[in-house]
> 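Sending over a structure as structure tokens; questions will come in a sec.
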Number of protein chains: 2
Amino acid sequence: MTTIKDVAKEANVSVATVSRVLNQSGYVNNNTKKRVEQAIERLDYQPNSVARSLFKKESKTIGFIVPDISNPFFPMLVRAAEDYLNKKGFTIILCNSDEEIEKEQEYLNVMKQKYVDGVIAVSNHLTKEQVESYPMPIVALDRPIEGDIPSFSVDNRAGGVMATEYLKEIGCRKIAHIRGPEQVLNATERYKGYVDVVGNEKWFSSSLVVHGEYDKKIATQVAKKLLQEQPDIDGVFAGNDMMALGVLKAAEELELHVPEDVAVIGFDGIDLTEMTSPELSTISQPLFDVGTKAAMALVDMIQGRNLSETKNLFPLTLMKRQSTIFRKEV
Amino acid sequence: MTTIKDVAKEANVSVATVSRVLNQSGYVNNNTKKRVEQAIERLDYQPNSVARSLFKKESKTIGFIVPDISNPFFPMLVRAAEDYLNKKGFTIILCNSDEEIEKEQEYLNVMKQKYVDGVIAVSNHLTKEQVESYPMPIVALDRPIEGDIPSFSVDNRAGGVMATEYLKEIGCRKIAHIRGPEQVLNATERYKGYVDVVGNEKWFSSSLVVHGEYDKKIATQVAKKLLQEQPDIDGVFAGNDMMALGVLKAAEELELHVPEDVAVIGFDGIDLTEMTSPELSTISQPLFDVGTKAAMALVDMIQGRNLSETKNLFPLTLMKRQSTIFRKEV
DNA sequence: ATGAAAGCGCTAACAT
DNA sequence: ATGTTAGCGCTTTCAT
């Protein structure tokens, strides 16, 4: 591999001069500049980023921690961020945490040693203290962190309200909720939104809320049980789209028609929701936008700019699709 | 950040000694070793990987080039590789190429400068020469590269045969094929497998093959047109699962029943295929295994070991699901 | 068994 | 406008 020294020799200048033209810093005569550029060309020289990182204490890479990239909710977020970051000259390190606190810590540690310039994290465990003591900026995605750590997410409670109200609106008279994991804040918020709307209904009962763990298979099981035990349930708000798919499957197995017998709505708006039959109604997050904005903010922080907002809430959209849309006409 | 120097001072030894205990290399007295370890503990010292990389010309990171992580085919591959690599102390840089040759080159370049230790690539453009002249080992995923570049994929042609024969077996008498992009080798192989089986049928005609570009929307359109123009088509082999979903949608829009009116089978076996209704029959690839094995091989190469195989073909499994399974009884 | 010192490739004072 | 040099934090000869 050719180094800056080789180029200097080839162009008959010092390494400092080469570095200057490389970084467009300081003065350098136009002719020498040309000589250097030609030398670079001839030798096909490419600066060594590791050496540069060592000196500058930055690496032009950022870390992205997700629970599991094979969960359909995350790829779009990552893709969006990568798109922007790549344009800005950054490369991204992908970390799958499985929501395990130890893995997250380990990744953060390793990345610190690699001089990552910042990290984007989807995590429930990250604390204010931890983020603040981390040498590089961190922004939170999907799940906000206490304090004024920048975060990019949606108003999950409002989304829960939106979904549940919609079910009421289309005529559902007994609405169940398949909620996400206890430890996941947004799951609890969505649940709260549901309760906000139906908590005072005469038919409401805590038996209408079951745990689906954001998992399709589990949701299928619990939904099946629920729909069997309470056949008068005519609407289900699932805490995320995967679980909504589980409900669809449960309904199918029970030979219930969606939406005629039971209307189903999910949350997140992943691509999958358009691919099922019936297509799934959902509270849609602008995932690409969320990912992009988080990346933009992180770059701003890296470059020392101040953020105008720390808590960024993105708009939710009610997508009325087949799993609810015909309900009105029943 | 505390450095090796700080530790040396704290332990009253030279940096060389600290380095020795860090790397468990060379001789070091048991007592001094203990002193150093205590100093490391006290100062909470963590070696700087960038400095180490500069010297060792390795970074403990590997690059992973995929066309688009938001395409459901890829996350599992990446996840599998990351799992293994993380265990081995590597971190992964994710690159979205969009199948664009320029982006691939750019990523390879950037990663070279970052001293990545190797790369896993899903690419149609990579040539033998390019891979051989690259300073770090590269393995190919999903799409083999000419020469003896290690690759990890499936026998797509055999899979095409398998899918098509299965459709014949269950009684389909006019089978169409929605093929993937012309430039993608595996798409052509799958197409060939289809022709192998039905090319000599009296009903066969090139009009039964249409281009779906591995895209659900496009597949929906072309499938709809095809099924309208040739209503006697009673079986469709889609070149991948996304397009098979498109076919499902097309059938629905035409009010055709799957599998009664037309049987549908896909290819790849992504998770999505179990979530649709009807569930989608498919030729399933062992994606997790493919990703893992590719990562294992890459690590072997990085560590200078010889691979026993360069062309690794993984077994395909015919998944009989609702989109074909009842066909027999018709 | 331990230390001194060179060097990985680059950047940024500081000189000239 | 250009060159000299120290130093980023580490590893590894080479001495001792």
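Each chain gets a letter, A, B and so on, in the order its sequence line appears, and its residues count up from 1.
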> Got Phe73(B) and Val66(B) here, is their nearest side-chain heavy-atom distance under 4.5 Å?
no

> Are Lys114(A) and Thr61(B) side-chain neighbours, meaning at least one heavy-atom pair lies under 4.5 Å?
yes

> Determine, step by step, whether Glu309(B) and Lys293(B) satisfy the salt bridge (Lys or Arg N to Asp or Glu O under 4.0 Å) criterion, reporting the C-alpha distance in whole Å, the side-chain angles of both residues, the deciding distance to 0.1 Å, and the verdict.
CA-CA 11 Å; Glu309(B) 289 296 338; Lys293(B) 292 286 165 46; over 6 Å; no

> What is the nucleic acid contact for Asn12(A), judged by heavy atoms within less than 4.0 Å: base, sugar-phosphate only, or nothing?
sugar-phosphate

> Look at Thr3(A) and dG9(C) and indicate whether a side-chain polar atom (N or O) is within less than 4.0 Å of OP1 or OP2.
no

> Is the phosphate of dC10(D) approached by Tyr45(B) (side-chain N or O, under 4.0 Å from OP1 or OP2)?
yes

> Look at the side-chain N and O atoms of Thr17(A) and state whether any lies under 4.0 Å from the OP1 or OP2 oxygen of dG3(D).
yes

> Taking atom types as modelled and ignoring hydrogens, do the side chains of Tyr115(A) and Asn48(B) form a donor-acceptor contact shorter than 3.5 angstrom?
yes

> Once you apply a heavy-atom cut-off of 4.0 Å, does Ser19(B) come out as touching a base, just sugar-phosphate, or nothing?
base

> May I ask you to decide if Glu58(A)'s main-chain N or O and Ser53(A)'s side chain share a donor-acceptor pair within less than 3.5 Å?
yes

> How close or far is atom C1' of dT4(D) from atom NZ of Lys5(A), stated in whole angstroms?
13 Å

> Which whole-number value in Å describes the distance from Gln113(B) CD to dC8(C) P?
19 Å

> Measuring from the side chain of Val13(A) (C-beta onward, heavy atoms only), which nucleotide among dT11(D), dA1(C), dG3(D) has the closest atom?
dG3(D)

> Nearest-Å distance, NZ (Lys112(B)) to P (dG9(C))?
15 Å

> Is any side-chain heavy atom of Ile149(A) less than 4.5 Å from a side-chain heavy atom of Leu126(A)?
no

> Nearest nucleotide by nearest heavy atom, which residue falls closer to the 5' end of DNA chain C, Val15(A) or Val15(B)?
Val15(B)

> Rounded off to whole Å, could you give me the CD1-to-P distance for the Ile4(B) and dA5(C) pair?
17 Å

> Between Gln46(B) and Arg20(B), who's closer to the 5' end of DNA chain D by nearest nucleotide?
Gln46(B)

> Could you state the atom-to-atom distance from NZ of Lys34(B) to P of dA1(C) in whole Å?
15 Å

> OP1 or OP2 of dT11(D) sitting under 4.0 Å from any side-chain N/O of Asn23(B)?
yes

> Using whole Å, what does the distance between atom P of nucleotide dC10(D) and atom CD1 of Ile40(B) come to?
10 Å

> Within residues 50-63 of chain B, find the residues that approach DNA chain C with a heavy atom at under 4.0 Å, and present them sorted by residue number.
Leu54(B), Phe55(B), Lys57(B)

> What is the distance, to the nearest angstrom, from the CG atom on Asn48(A) to the P atom on dC8(D)?
18 Å

> Would you say Tyr115(A) reaches dC10(D)'s phosphate, i.e. side-chain N/O to OP1/OP2 under 4.0 Å?
no

> In whole Å, what is the span from the NZ atom of Lys33(B) to the P atom of dG3(C)?
16 Å

> For Thr32(A), answer base if it contacts any base atom (sugar-phosphate contacts may also be present), sugar-phosphate if it contacts only those atoms, and nothing otherwise; contact means non-hydrogen atoms under 4.0 Å.
sugar-phosphate

> Report yes if some heavy atom in the side chain of Leu108(A) is under 4.5 Å from a heavy atom in the side chain of Gln130(A); otherwise report no.
yes

> Evaluate the side-chain proximity of Lys60(B) to Thr91(B): yes if any heavy-atom separation is below 4.5 Å, no if none is.
no

